[in-house]
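Counting convention: from 1, in listed order, for ligands and their atoms alike. All values reported here derive from a predicted model rather than from experimental measurement.
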Amino acid sequence: MLQLIKGFKDILPEEARVWRHIEQMTADTFADFGFAEIRPPVMEKATLFEKSIGEDTDIVEKEMYTFADRTGQLITLRPEATASVVRAYIQHKLYAGDPVQKLYTIGPMFRRERPQKGRYRQFHQINAEALGISAPYIDAQLILMLMTLLKDRLSVSDAGLHLNSLGCRQCRPDFKTALIGFLKSKQPDLCADCARRMDRNPLRVLDCKVEGCRQATAEAPAMTDFLCSDCREHFDTVTGLLNDMGLAYELDKRMVRGLDYYTRTTFEVQTGKLGAQSAIAGGGRYDELVKMLDGPDQPAVGFAIGFERLAEIVANEDVVPEARGVDLFIAALGDQSREKAFGWMCDLNRSGFRAEMAFEDRSLKSQMKLADRLHAARTLIVGDAELESGIAPLRDMTTKDQQEIAIDNLTEAIKPLLTNTDKQQRNR
Ligand code: HAM
């Protein structure tokens, strides 16, 4: 049997219902905060990601799906969306009228990681990117938006915010020097990857998941001890604003993130509900990236939420409304009634009602069972006798009350009755 590719996943109807709910909540919440949607493509030139994410990151070194197309051009299935959003900002000169752009996008990403629960090779992210603002207010607003969506709107009650600053071009070199010095003293305890990357990209060592590396770097110097006065002030303002908003956070001096473009504020959201893959979202500032990709010198800050991880929690929280039930089931007995029923059903479907019927010849008992399974609010029963008399019974499936209804002009006669179905329920 043909099966899907390892690390890829089908989103089956019951899950898709949860996904839709999350997408809706995200669109509503992000609109409240002034974010507009953008939809970049899933493939880009490989160089876009190599340049932005960094050559010696895990993503670029070993996880990208990069291949030559038929002309030999190297293209990559995007491992993240930030680089694409920045590319679009530059390419379409979205900064021309007003450099400030608050954008979000939801879609699939691809990383060839080792698959496990909560970690896929095609996964989805909810991305938010605010370009053109250097003031720390936007860092705080973005974090507030993230926590509002997760905690208030989607009930991820234990979502914990972890915060760090990675400094800037001015102050990071001193930190790197100190860190390399420290790492040299620990070299024998580091894994082969870390020993190799240590000089070029020492921050990656702090992000290594290998237990030996984690232990060896427990006492490593912290970037926050090296911040220049501007970065210090920026970070203190962000934490001050979060305090004012009553948003709890934990300072995490080890958090360096897995991508190279970050500057200043970085953050992750962790949850205890997912087992090993506890990071549900991550993000931060990337003030140099727009310029590095040949755009204007504009700062930016953003985050991405792991959709599968979020969906798993939301599915267990019982916050997703029930699927909308069927407004009317038409139980038809005999060929002639079935043909009539089909016409009524189609007419009601086109008018926005959920009408259903059995397409094959079935006993009344089996059709009533089907109506129950579909949670039909009402069932109309038609056979030859009803066609003859022009009157058919309409049963309320909850109360079991039955009324007679004229079927000459059935759909017009029945619509006002069906509109009584709970409005909210019908809109789902
Ligand atoms: P990231 O930390 O690489 O950041 O990914 C963000 C989130 O995506 C993670 O916290 C996790 O929930 C989810 N995720 C990552 N890899 C996988 C995977 N293999 N399977 C399932 N979920 C996964 C970024 O991608 C940055 N672009 C975030 C950002 C936006 N920074 C600034 N703007």
Side-chain angles (χ1 to χ4, degrees), residues 5-9 11 22 30 35 38 40 44 48-49 52-54 57-60 62-65 77-89 101-131 133 138-139 142-143 145-146 149-150 156 159-162 164 166 204 207 209 252 255-271 273-290 299-314:
I5 308 168
K6 189 172 173 206
F8 286 58
K9 180 172 147 58
I11 309 302
I22 295 174
F30 287 10
F35 281 69
I38 182 170
E44 300 270 2
L48 174 66
F49 301 112
S52 51
I53 298 171
T57 56
D58 279 350
I59 298 179
V60 172
K62 44 191 176 191
E63 295 170 0
M64 291 208 305
Y65 283 94
L77 280 168
R78 64 178 181 191
E80 59 118 43
T82 309
S84 297
V85 172
V86 171
R87 197 248 330 116
Y89 178 76
Q101 292 283 331
K102 293 158 98 179
L103 304 169
Y104 80 92
T105 191
I106 305 177
M109 311 293 152
F110 305 84
R111 295 183 193 175
R112 203 175 184 289
E113 295 190 74
R114 198 169 53 77
Q116 62 180 81
K117 189 170 176 296
R119 197 204 275 156
Y120 305 97
R121 290 178 170 177
Q122 175 180 321
F123 60 101
H124 295 69
Q125 282 184 344
I126 298 169
N127 266 260
E129 314 289 354
L131 298 118
I133 309 170
I138 190 65
D139 308 38
L142 197 82
I143 292 172
M145 178 169 88
L146 171 62
L149 176 65
L150 294 177
V156 185
L161 176 63
H162 296 248
N164 195 14
L166 291 182
R204 290 277 71 78
D207 198 36
K209 303 287 177 287
D252 184 350
M255 189 182 56
V256 290
R257 311 277 300 120
L259 308 90
D260 278 355
Y261 49 60
Y262 290 108
T263 53
R264 294 194 165 171
T265 321
T266 48
F267 51 92
E268 278 183 7
V269 179
Q270 310 275 344
T271 159
K273 297 181 176 176
L274 289 172
Q277 302 307 316
S278 58
I280 189 167
R285 266 201 176 268
Y286 46 98
D287 289 341
E288 310 277 334
L289 185 60
V290 184
V301 54
F303 66 74
I305 305 174
F307 208 120
E308 282 76 3
R309 298 180 188 179
L310 178 57
E312 190 186 325
I313 298 173
V314 170

>> List ligand 1 atoms under 4.0 Å from Glu113, heavy atoms only on the residue side.
In response: 16 (N), 17 (C), 18 (C), 19 (N)

>> Out of all atoms in ligand 1, which are within 4.0 Å of some heavy atom of Ala279? Include the element for each.
In response: 10 (O), 11 (C), 12 (O)

> Can you tell me which residue and heavy atom of the protein come closest to atom 21 (C) of ligand 1, and the distance to 0.1 Å?
Replying inline: Gly118 O, 3.3 Å

> Can you tell me if Glu129 and Thr82 form a side-chain donor-acceptor pair at under 3.5 Å?
Replying inline: yes

> When you measure from atom 33 (N) of ligand 1 to every protein heavy atom, which one gives the shortest distance, and what is it?
Replying inline: Glu129 OE1, 2.7 Å

>> I'd like to know whether ligand 1 has Arg257 as a neighbour, heavy-atom separation below 4.0 Å.
In response: yes

> Backbone, side chain, both or neither: what part of Met109 comes under 4.0 angstrom of ligand 1, heavy atoms only?
Replying inline: neither

>> Taking 4.0 angstrom as the limit and counting only heavy atoms of Ala304, give me the atoms of ligand 1 inside it, by number and element.
In response: 6 (C), 7 (C), 28 (C), 29 (C), 30 (C)

>> Below 30° counts as parallel, above 60° as perpendicular, anything between as tilted: where do the rings of Tyr65 and Phe8 land?
In response: perpendicular

>> Side chain, backbone, both or neither: which applies to Leu259 and ligand 1 if a contact is any heavy-atom pair less than 4.0 Å apart?
In response: side chain

> Is there a heavy atom in Tyr261 that sits closer than 4.0 Å to ligand 1?
Replying inline: yes

> Can you list the ligand 1 atoms lying under 4.0 Å from a non-hydrogen atom of Tyr262?
Replying inline: 26 (C), 28 (C), 29 (C), 31 (N), 32 (C)

>> Under 4.0 Å from a heavy atom of Asn127: which atoms of ligand 1 are those, numbered in the order shown and with their elements?
In response: 30 (C)

> Does the pair Glu268/Arg257 count as a salt bridge with the N-to-O cut at 4.0 Å?
Replying inline: yes

>> According to side chain to side chain donor-acceptor pair (under 3.5 Å), who are the partners of Glu44, at least two apart in sequence or on a separate chain?
In response: Ser84, Arg87

> Looking at ligand 1, does Ala281 have a heavy atom less than 4.0 Å from it?
Replying inline: yes

> Measuring from the heavy atoms of Ala81, does anything fall under 4.0 Å of ligand 1?
Replying inline: no

> For ligand 1, which atoms, with element, lie under 4.0 Å from some heavy atom of Phe303?
Replying inline: 29 (C), 30 (C), 32 (C), 33 (N)

> salt bridge (Lys or Arg N to Asp or Glu O under 4.0 Å) between Asp260 and Arg204: does it pass, once the steps are laid out?
Replying inline: CA-CA 9 Å; Asp260 278 355; Arg204 290 277 71 78; 2.6 Å; yes

>> Under 4.0 Å from a heavy atom of Gly282: which atoms of ligand 1 are those, numbered in the order shown and with their elements?
In response: 10 (O), 28 (C), 29 (C)

> Does the N or O separation between Glu308 and ligand 1 drop below 3.5 Å for any pair?
Replying inline: no

